[in-house]
Every structure is written in structure tokens, then in C-alpha cells.
Amino acid sequence: MSKIICTAAIRGAHKIVKRAEDKLNETITKKGKDHQVEFPNTAYFFPIIYSMTGMEVKTLAEFQPVLERAKGLLPPIPSDKHWLPYLGHALDAGMATLFAEEIIEACKYLIGPDPVDGIWLGAADDVILRERGIEFVDGTAPGFAAIVGAAPDADTAVKIARELQQKNLYVFMSAETNGVSFAEQLDSKGVQLGWETRLVPFGKDISATIYALGFANRAAMSFGAVKPGDFRHNLLYNKARIFAFVMALGKVDDEKYANAAGAINYGFPTIADTDIPEILPTGVCTYEHVVSRIPHDKIVEKAIEVRGLKVSIHKIDIPVPYGPAFEGERIRKDDMYVELGGPKAHGFEFVTMKDISEIEDGKIELLGPDLKEFEEGSSINIGIYVAVAGRKMQKDFEPILERQIHRFLGEAQGIFHMGQRNQIRHRISTEGYKLGLRLEHIGTILHAKFHEEYGAIVDKVQITIYTKEPEVEKLLGGVHQAFVERDERIMGMKDNTVNLFYSCTLCQSFAPTHVCVISPERSGLCGSVSWLDAKASFEITPTGPNQPIEKGDVIDEGTGQWDGVNKFLTDASNRKFEKVSMYSMLVDPMTSCGCFECISVLLPMCNGIMTVHRDFTEMTPCGMKFSTLAGSVGGGQQTPGFVGHSKLFLASNKFISADGGLARLVWMPKELKEEMGHLIETTAKELGLEDFLSKIADETIATTEEEVLNHLQKVNHPALELNALI
Ligand code: SF4
Ligand code: ZN
């Protein structure tokens with residue numbers, strides 16, 4: 001490393017470590033040294049500190065030894081011109097910087113300024129890690145660009161961001177240049193920010209840069225089997241597997257140098273647009289550490305070249321950019337060319353299985369007028385009819401394939417996919433239309449993507465698109481009938497009519513003992529894996545996270561225990577747990593990872609339970625908020641009296657049936673009641689509970705257990721009649 005950079009990085013590290021010390025002292029003074037500290041909804045302590053040192057920081061006091069360690073790493077500031085620091089000094093200074101910044105950000109969560117503010121998102125929680133981290137491992141996202149600072153103007157920022165999105169890279173943003181940040185520049189141009197678009201604004205402070213590196217560390221621990229404290233393995237994993245780089249835009253000050261030095265530890269180089277001394281390859285890296293003076297129209301290309309990234313984009317032959325980064329993009333009314341379906345026109349999308357001899361692979365037909373024959377702003381009648389065939393295809397997989405249309409079409413820039421089945425309301429943007437996007441491209445996309453992702457079950461895909469009103473209307477009848485039959489068939493699937501349940505162990509990546517046992521009447525606790533989904537996923541990837549479980553002999557019909565299921569759990573949880581009840585939250589409840597849509601908790605005084613969902617952030621009658629509950633229930637544990645589950649499970653006949661079932665439910669947030677009310681009411685009727693929904697309290701009625709009890713007595717809630725719970 002050149003002397004100038006080393007000196008600046010070491011100076012920067014000293015400043016940041018000092019800042020961390022002051023911030024920690026201030027926080028301890030205000031909150032006390034034993035105060036708990038964490039990034040919200042995470043089970044991984046502080047990712048950089050934990051992965052590098054193995055230190056499990058849970059309280060402010062436990063930051064003290066980390067701070068000492070950071071100080072110990074700091075080389076003296078080179079003032080003597082005869083003393084020449086070498087790369088190792090700067091790397092140590094870089095590491096000290098990252099530890100210190102994690103302390104600073106953690107303290108901010110306790111005494112402010114809140115890292116989550118306006119466009120700024122702060123730390124990624126465990127659910128985001130599961131959803132997004134896996135993309136770094138399966139290659140959907142090859143890596144990330146950590147942008148530090150700001151572009152010279154907002155238009156340049158947009159150009160750089162779009163280019164990175166098209167390469168499927170995540171863009172993590174932090175810090176500022178002259179008071180302006182890259183994220184604010186994008187925001188000022190109306191660019192949609194967030195995890196959905198892969199444009200992630202972490203924070204305006206330089207210390208927010210650790211969220212990007214922390215994310216990489218957590219992915220390494222979760223998906224790369226890197227052990228906490230094994231810093232060597234961690235760094236090697238990141239260097240080899242996570243294709244990341246720092247893009248420093250605008251003036252690089254001491255603090256930014258210090259962060260760049262931290263990133264170099266990971267093998268992440270820094271690419272800058274300004275004139276800073278370059279660092280050419282040494283024995284440590286096979287590529288440059290710092291490359292400077294790169295013009296903005298070349299900077300993305302250069303970064304990718306320097307980091308040696310192989311971007312593999314499956315080319316789909318359409319005139320607009322395509323990729324996961326565009327999936328979350330919304331098209332507003334002002335930007336839309338036409339609406340497909342929606343309130344003013346008929347529309348449907350439908351996947352149906354045909355015999356392999358009946359269809360022709362790759363045949364795409366448009367029957368009716370195309371976009372150019374419609375006026376701008378109009379609503380078009382549309383039928384998207386997809387016929388699939390394959391030796392391993394099953395009728396049951398139709399809805400699963402159909403659900404993918406949302407993602408497949410949404411990933412095209414210029415198409416906004418909303419709704420499903422015969423309730424669709426898609427939009428084509430004016431920009432997309434101008435680029436040449438036409439209705440046949442819907443077929444092009446679906447054909448390519450079904451083959452690419454579902455090639456294991458689908459051999460042929462044929463797409464017909466209808467746009468004449470009478471034809472669409474006529475087809476709708478048959479399609480609607482098919483949906484009704486499909487629903488009846490799925491509703492008819494019961495736990496006792498199948499021999500196989502399925503597992504999901506995807507979340508073992510961060511909750512190593514967690515096993516979701518998925519049955520027709522109990523979906524995975526994240527709500528995104530039904531029994532059919534798991535079955536199809538097993539057909540597609542026989543060695544994947546969804547494995548068939550032979551139920552075996554009944555051990556206890558009431559609690560829902562089978563010897564085959566127990567045996568599976570024993571193996572899959574690494575012998576941590578040996579028994580699981582499908583229908584009880586009191587006796588051997590299912591393990592909870594961290595992704596549960598809801599948590600149910602015993603309310604002893606009420607002889608019932610309460611259920612709270614993730615979006616409800618206020619206090620609940622059990623005396624804990626969702627986030628606190630999630631912290632104590634999650635992580636792959638069995639916690640009798642508590643259980644994480646999907647929203648849909650509330651409407652299952654089997655919902656805690658061993659503990660009294662739905663009749664035990666005495667409190668839930670109003671929002672959840674409104675969302676699930678219809679289904680709950682139907683199930684309640686089946687169970688012989690009259691007028692049940694109105695008897696459940698919510699936060700507008702009761703916020704403490706006593707108030708809930710009062711309400712129960714007033715409305716004569718059936719829970720009061722049930723056997724004593726404990
Ligand atoms: Fe995780 Fe269970 Fe959802 Fe699978 S089904 S992703 S294990 S929560
Ligand atoms: Zn999970």
C-alpha cells in the first residue's frame with residue numbers, strides 16, 4: 001500500500017475508534033452498562049465482531065473488550081517520515097475501524113440518531129438475510145457494490161445504479177460527499193429504493209458502511225458454514241465467493257480510507273472516481289486494491305473487471321432489461337402506457353397441464369390486437385393462457401407454476417405485475433413500450449423462464465395471449481371453473497389423507513436446529529411453503545431443503561405425533577430435538593426459526609392464547625412486543641407455550657387442536673383480524689363456534705391481560721368454558 005493511503009487510513013481509524021469510545025461511554029451513561037444491545041430481529045449478535053472474533057456481545061459492557069481489541073489493532077499514526085507503514089498496518093487499522101463502527105451503529109439504536117430514518121434502512125434482519133443472503137449463494141445475485149459518497153450529480157447516480165442493477169448486483173449505500181449521499185440523489189430522481197429493487201440505503205453516516213460488510217459476514221456464516229471467530233476462513237470465503245467492491249465517489253477523506261482498508265481485508269477492492277494513489281497488485285491479491293480516476297461512464301465496467309466478476313445473465317430476447325432487480329419496481333399511473341385487466345377490463349392468467357402430444361414447445365400466439373392498436377392510458381382485455389407438458393409434470397403443480405408468473409413478468413423492466421388468476425391488473429410502462437415491448441414478449445419471457453427454472457418438471461411450454469373482449473370473456477368461464485375445482489381439491493387434502501409430510505430446512509442456514517414439518521393442514525411458518533409447494537420443490541430438486549417425511553405409526557393422534565416424523569426431526573435437528581407435535585403448542589411444539597408470520601402465546605389468566613403478526617409493533621397483552629417475542633422464541637428452539645406459525649394456519653382445523661383449537665384464541669391485532677377474519681370465521685363455523693370473530697379482542701378493546709379477560713366475560717368467549725390450560 002502506498003504510504004499516503006496507509007497514513008490516511010491509520011489516521012481515519014484512530015478518529016473512528018475514538019468516536020466509538022465516546023459513543024459507547026455516552027450510551028452506558030444513559031442506559032447503564034448491563035443494558036441489552038442488538039440489531040433488531042437478528043439472532044447473530046454483531047455480524048462483523050461475531051464472525052471475526054467469536055465474541056457474543058449482548059450487553060453494552062460486552063462491547064468494552066471489543067473496543068480494547070480495536071485499540072490494540074491500531075498502529076501508531078506515522079508521523080516520523082523515516083517510518084514506513086506497510087500493508088499489514090493499514091489492514092489492522094481497517095479491521096479496528098469496522099469493529100468501532102459496529103459499536104457506533106449499535107449504540108445509535110439505543111440513544112439515537114435512529115439508523116432507521118426516512119429513506120435509511122439500517123441493519124438487515126434475519127428474514128431479509130434468509131431471503132436475500134441465499135441469492136448470494138445460488139448466484140441470483142453475484143455480489144454487491146458498496147457505494148460510499150455521492151456522484152457529481154443525480155443523473156450520473158441514476159446511470160450508475162441502473163447499470164449495477166442490470167448486472168444483478170446489490171447496491172449498498174452509505175456516507176456522503178459534501179452533505180449529499182448517493183441514495184438521496186437516486187431518491188430525488190424518483191428511483192425506487194429498498195431491498196426489492198436491490199438499491200439499499202443503509203445510512204448517511206460513514207459508519208453505516210459496516211452494514212454492507214456485516215451482511216457479507218452473515219451470509220458466510222449462514223450459507224458458507226463459516227464458524228464464528230474463524231476469521232481466516234471468513235475472509236477467504238468472502239474473497240472467493242462474494243463478489244463485492246467499494247465504489248468511492250467524491251472526495252476520499254481519512255474515514256473513507258479507513259473503511260477502504262477494512263474492505264481490503266475481505267479482498268474487496270476500492271474503485272474511485274477521484275484522484276487517489278493507486279495500489280497495484282501485491283502478493284496478497286491477484287488484482288488491484290485501489291483503482292482511481294475512473295470516469296463515471298466506465299466505472300461499473302471497471303469495477304467488475306477489477307473484481308473479476310463473471311456476470312451470467314440468461315439472455316431473454318426482449319427489448320427491455322430483465323433481472324431480479326426490476327421485480328420490485330412499481331409503475332405509476334402517469335408512467336403507464338396501458339393496463340392489462342384491472343377494474344375496467346377482463347383479464348386472467350392461467351397455467352394448465354396438457355398431454356405432451358397436444359402442445360408445441362415455444363409456440364407463442366397473440367390472438368387479437370397488439371399494444372400499438374390501443375390508445376395510451378387504456379385498459380386492455382387480456383387472457384394469458386399457458387399450456388405446459390412434461391413427463392414429471394402433475395396437475396397439482398399447476399398453481400405453483402402459475403404463481404411464478406408474478407416474478408417472471410415482474411422482472412422485466414416496463415412490466416408491473418399485480419394480482420393473480422382472474423384478478424389481474426398488470427401495467428406496461430410508456431418507457432417499455434417505446435423501447436419496443438409488445439404483448440408477445442410476455443410469451444417469450446414465460447417460455448424462457450419456465451424452461452430455465454422448472455426444466456425438471458416441464459418439457460414443453462406453449463403460450464397463447466388473447467386480447468379480444470368476447471374471446472377473453474368466453475374463456476374466463478372455463479378458467480374460473482378450473483380455479484374452483486383446484487381450490488376444492490386443495491381444501492380436500494387433509495393430513496390424514498396423505499402418507500407423506502414434507503420438511504423444510506432452508507432456515508437451518510441461520511437456525512441450525514430448525515425443521516418445519518409441512519402438512520396439507522399446516523404450511524411452513526413463513527407462510528411461503530405449502531405442502532404442495534414442498535412436494536413440487538422436491539420433484540425439482542431432489543436433494544434440496546424439502547424432503548418427504550414418511551409419517552409412520554401414530555404415537556398420539558391428538559397432539560399429532562408420528563414415529564416417522566419424530567425420527568426425521570431427530571436426524572434433521574442434529575439430535576437436538578426428538579419429538580414434535582403438529583397440533584400442540586404446549587407439548588413438544590414445532591421449532592421456530594425467525595421467519596414466522598405470527599407468534600401465538602399462552603395467556604394463562606384468560607385460559608386462552610393470543611396471536612400477534614409481524615407488522616404489529618405495539619405492546620401486546622402478554623407484556624411483550626412482537627420483536628421481543630421473536631427474540632425469545634426464534635433461533636430454532638422449541639418453547640412450550642409459544643409457537644411461530646403462518647397466518648394461514650390460524651384458519652386450519654388443526655390449529656392447536658390438541659390444546660382446544662381456535663376456541664382458545666382470545667386476542668389478535670385488528671389488522672390481522674381484518675386480513676384473516678373471513679377464513680377464521682369459516683373455520684369457526686365448521687368447529688361449531690357461533691359469531692366467533694367478534695368475540696376475539698384486539699388492541700382497540702384490550703391491551704392488558706386483565707382487559708382481555710374483562711372482554712371475554714362480557715362477550716361470553718368460548719375459551720372460558722374450556723378445560724383449564726395449565
Ligand atoms: Fe424457513 Fe420453514 Fe419457511 Fe422453509 S418453510 S423457508 S424452513 S420458515
Ligand atoms: Zn425461517
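Order of listing sets the numbers, starting from 1, for every ligand and every atom in it.
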Problem - cation_pi(R330, F416) dist<6.0 Å, angle<=45 - result: no

Practice task
Assess C526: does it contribute an N, O or S atom lying under 2.8 Å from atom 3 (Fe) of ligand 1?
Solution key: yes

Which atoms of ligand 1 sit under 4.0 Å from any heavy atom of [X]?
X    : value
G524 : 5 (S)
C593 : 8 (S)
V529 : 5 (S)
C507 : 1 (Fe), 6 (S), 7 (S), 8 (S)
L525 : 8 (S)

Practice task
Starting at CD1 of I656, measure out to CG of L662 and round the result to the nearest 0.5 Å.
Solution key: 8.0 Å

Problem - Heteroatom test (N, O or S) for C516 near atom 2 (Fe) of ligand 1, limit 2.8 Å - result: yes

Handout entry: Part of Q508 within contact of ligand 1 (heavy atoms, under 4.0 Å)
Key = neither

Fill in the blank from the handout: Checking heavy atoms under 4.0 Å, the part of S528 that sits near ligand 1 is neither

Exercise for the section: Inspect the contact between K395 and E485 and indicate whether a charged nitrogen and a carboxylate oxygen are less than 4.0 angstrom apart. Expected result: no

Problem - Geometric class of the F408/F450 ring pair [parallel <30°, tilted 30-60°, perpendicular >60°] - result: perpendicular

Exercise for the section: Kindly say whether the aromatic ring centers of F172 and F202 come within a distance under 6.0 Å. Expected result: yes

Exercise for the section: Around atom 4 (Fe) of ligand 1, find the nearest protein heavy atom and jot down its residue, atom name and distance. Expected result: C504 SG, 2.2 Å

Exercise for the section: Report the residue from E327, E452, E196, E453 that forms a salt bridge (charged side-chain N to carboxylate O under 4.0 Å, His left out) with R407. Expected result: E453

Completion exercise
Of S523, S600, S592, the one forming a side-chain hydrogen bond (donor to acceptor under 3.5 Å, both in side chains) with H645 is S600

